[in-house]
Protein chains: 2
Amino acid sequence: MTEVALRAKVSAMSVSRALRTPHQVSPETLRRVQKAVREMGYVPNRLAGGLKAPSRTQLAAAIVPSLQNSLFSGTIQGVTDALRKKGINLMLGDSHYSHEEEESLIGAFLAHRPCGLVLHDTAHTPGARRLLRNAGIPVIEIGNLVPRPVDLVVSYSNFAAAKAMTGHLIGRGYRQLAFVGLPSADNERSKERQRGFRAALADGHLPYDETRVIETDGSFESGARALVQLLDMRPRIDAIFFTGGVTAVGAMMECTRRGWDVPKKVAIAAFDDWPVSRLLKTPITALEIPRYQIGERAAELMLRRLDGDHGRIPPVDVGFRVIERQST
Amino acid sequence: MTEVALRAKVSAMSVSRALRTPHQVSPETLRRVQKAVREMGYVPNRLAGGLKAPSRTQLAAAIVPSLQNSLFSGTIQGVTDALRKKGINLMLGDSHYSHEEEESLIGAFLAHRPCGLVLHDTAHTPGARRLLRNAGIPVIEIGNLVPRPVDLVVSYSNFAAAKAMTGHLIGRGYRQLAFVGLPSADNERSKERQRGFRAALADGHLPYDETRVIETDGSFESGARALVQLLDMRPRIDAIFFTGGVTAVGAMMECTRRGWDVPKKVAIAAFDDWPVSRLLKTPITALEIPRYQIGERAAELMLRRLDGDHGRIPPVDVGFRVIERQST
DNA sequence: TTGTACGCGTTATCAG
DNA sequence: CTGATAACGCGTACAA
């Protein structure tokens, strides 16, 4: 910056002002500075700025369970788009669905002094919670409407959504329901969805049968396998709720392969509305969840905090919608 | 850090050393520092470190055309995984397929002084090139095997891959080929693929017919539309090469819907091996491209430069493979 | 409106 | 192996 100042024949301070608060310098100074900046290809150093004003590093961070899941990509896109308008860039990390890795990532990210942190996960190790508390920056959790958030929340209720979808199945007349979820051991969202399923069964006065609840990884093959396994074991099952968008498609394709009629032989519902779902010969009933909007609003809340709003901000429920298609 | 030093009763310098080069301090000092760090929940400030040693900000950056495209996600996953082993985090941005946005992002990123930059695009505005030159950091281009790279390249040849796939079609006996590509105006990869298609036609002594080359966006619907449009116009077309993985699936589903036999009525080949491709009733012939590995190796090259290797490093060609399935 | 002095937290350097 | 010192590039606070 000093070099720019020399070239423009003003002080370094004027350069700083010309760049950050152009209206505070005379037009002449501004012009000279801009000219010098252009000629030299000067790129400001935010490290130095952030050192002085830690709340304005213009860098935010986000951690998702997996970068490869298109659902998360949608949300991340929302975050980056919204932040970029304010000149804030995003550091992105991937916890591989592990709370320990999340903690380690949080530590690594905080070292860069981000001005905000978006976390998809809502369960954290004690170490992670401590880091977050001490960081003194806005933290936005987006994976679930948590009852006791670290700070801010923008999400939907996994419980309510799963319950609504199960309720939809019951409303359509299905009575022998099964549930194929993702591993719930380390995953609050998975647990909540399972809880929603049970709650809807209870509401419908249907018995809960543990053997009709399966957990699998999120692949096509697992979906197909789960379908076959369930129907082999309990031929009377008339509807299956898959909480993985991919597993539902896998199951549907398996039905096609075997010539099984959906929804006559068995109805299929999905939690995530995976793009292919609606294009299959029998489009799959699924939940619409505004993934992009979650990211966008998360970024907005972060910006609100950065603008000085330190008051309590209530959780934002973006909601969901059951999209009925031919598979149920 | 000063506080840690006080608590551990050593100098700040010893703390710095204990954290970065533990073998350079006595076991006793190390122990005391670690204890203090743990007790205080100290998180080092990399901004300050980066200010002093700009080449070790422990922050890298990557720009992809779209965050939502699963192909790019795979590569990004490779980059983050490889960098994380060295404690380097990733800033991620999205150019929305625009060179101007890319330039703007590069500028924004450089302000954070990343120690390396991964770019999917291989065509850049003059402004972007200038920024990259002046930045003095390793730049890795990964979208195509460019002839005149900015610095380092890890990729495959879009030209060769498209040519190989077209050659495969010709080898299978198809003679009336059509090509459905993505918009090529601002996209080198798209242009190269189209060039590969033409080159294979020439090699096979087949005429090139402009009206059989269509450009569409990458949606299911566009794929279906392109298919219908081509076959309506030129019923003799016996094979279509889609360079979007999604468009190929869309077209295939449209065939199913209309009861068109693939590959009897028309063969379908895809550039990208989109996960669903292999699961359809008629699995789609596609190119296998090691997306994750591209990211991994890009990160490795970056690390090599950071380790002091300033020599010329030749482009890394990760290659590709034609996966023949029933659609051709 | 513009400039000066100082400090942010860390590391390179050099002396002990 | 350890410590003192200066410096990285910018922003705050104050003064001109």
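To find a chain, count down the sequence lines: A is the first, B the second, and so on, and within it residues start at 1.
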Next item on the list: Please report, rounded to the nearest Å, how far the P atom of D:dC10 is from the CZ atom of A:R56.
Entry: 16 Å

Checklist line | B:E3, CD: over 12 other non-hydrogen atoms inside 6.0 angstrom | finding: no

Margin query: Check the phosphate of C:dT2 against A:S26, side-chain N and O only, distance under 4.0 Å to OP1 or OP2. Yes or no?
Written below: yes

Notebook entry, point to check: Does B:R17 have a side-chain nitrogen or oxygen under 4.0 Å from the phosphate oxygens OP1 or OP2 of D:dT2?
Noted result: no

Checklist line | Gap between atoms CG and P, on A:N45 and C:dT10 respectively (whole Å) | finding: 16 Å

Notebook entry, point to check: Rounded to whole angstroms, how far apart are CZ on B:R32 and C1' on D:dG3?
Noted result: 14 Å

Next item on the list: Find which nucleotide of DNA chain D each of B:V10 and A:G50 is nearest to by heavy atoms, and output the residue with the more 5' nucleotide.
Entry: B:V10

Notebook entry, point to check: Would one find a side-chain N or O of B:T29 under 4.0 angstrom from OP1 or OP2 of D:dT2?
Noted result: yes

Check: Using a cut-off of less than 4.0 Å, is there contact between a side-chain N or O of B:R113 and OP1 or OP2 of D:dC10?
Finding: no

Note to self: If you apply the rule side-chain hydrogen bond (donor to acceptor under 3.5 Å, both in side chains), what do you find for A:R32 with A:S14, and how did you get there?
What the structure shows: CA-CA 10 Å; A:R32 293 229 299 270; A:S14 291; over 6 Å; no

Notebook entry, point to check: Can a side chain N or O of A:R46 be found less than 4.0 Å away from OP1 or OP2 on D:dG11?
Noted result: no

Check: When you check the side-chain N and O atoms of A:T122 and A:E188, is any donor under 3.5 Å from an acceptor?
Finding: no

Next item on the list: Could you check A:T2 against B:S11 and say which one's nearest nucleotide on DNA chain D is further toward the 5' end?
Entry: B:S11

Notebook entry, point to check: How long is the span from the CG atom in B:L71 to the CD1 atom in B:I294, to the nearest 0.5 Å?
Noted result: 10.0 Å

Margin query: Regarding B:P44, tell me which of base, sugar-phosphate or nothing describes its non-hydrogen contacts under 4.0 Å with the strands shown.
Written below: sugar-phosphate

Next item on the list: Find the distance A:L51:CG to D:dT12:P and express it as a whole number of Å.
Entry: 12 Å

Item checked: Length of the CD-C1' vector between A:Q24 and D:dC14, whole Å -> 14 Å

Notebook entry, point to check: In terms of side-chain heavy atoms of B:S16, which of C:dT11, D:dG11, D:dT2 is nearest?
Noted result: C:dT11

Next item on the list: Quick one: label A:M1 by what it contacts on the DNA or RNA (base, sugar-phosphate, nothing), any heavy atom closer than 4.0 Å.
Entry: sugar-phosphate

Next item on the list: Examine D:dG9: is either OP1 or OP2 under 4.0 Å from a nitrogen or oxygen in the side chain of A:Y42? Give yes or no.
Entry: no

Margin query: Can you say whether a donor on the side chain of B:K52 sits under 3.5 Å from an acceptor on the base of C:dA12, or the other way round?
Written below: no

Notebook entry, point to check: Would you find a donor on one side and an acceptor on the other, under 3.5 Å apart, between the side chain of A:S104 and the backbone of A:E100?
Noted result: no

Notebook entry, point to check: Out of curiosity, B:D121 CG to B:E101 CD, how far, rounded to the nearest 0.5 Å?
Noted result: 11.5 Å

Note to self: Just the rounded figure in Å: distance from P of C:dC8 to NE2 of A:H112.
What the structure shows: 22 Å

Next item on the list: Measure from CE on B:M13 to P on D:dT5 and round the result to the nearest Å.
Entry: 14 Å

Notebook entry, point to check: Starting at the 5' end of DNA chain C and moving along, which residue's nearest nucleotide shows up first, A:A12 or A:H23?
Noted result: A:H23

Notebook entry, point to check: Over how many whole Å does the gap from A:L6 atom CG to C:dT2 atom C1' extend?
Noted result: 16 Å

Notebook entry, point to check: For D:dC1, does either OP1 or OP2 sit under 4.0 Å from a side-chain N or O belonging to B:S14?
Noted result: no

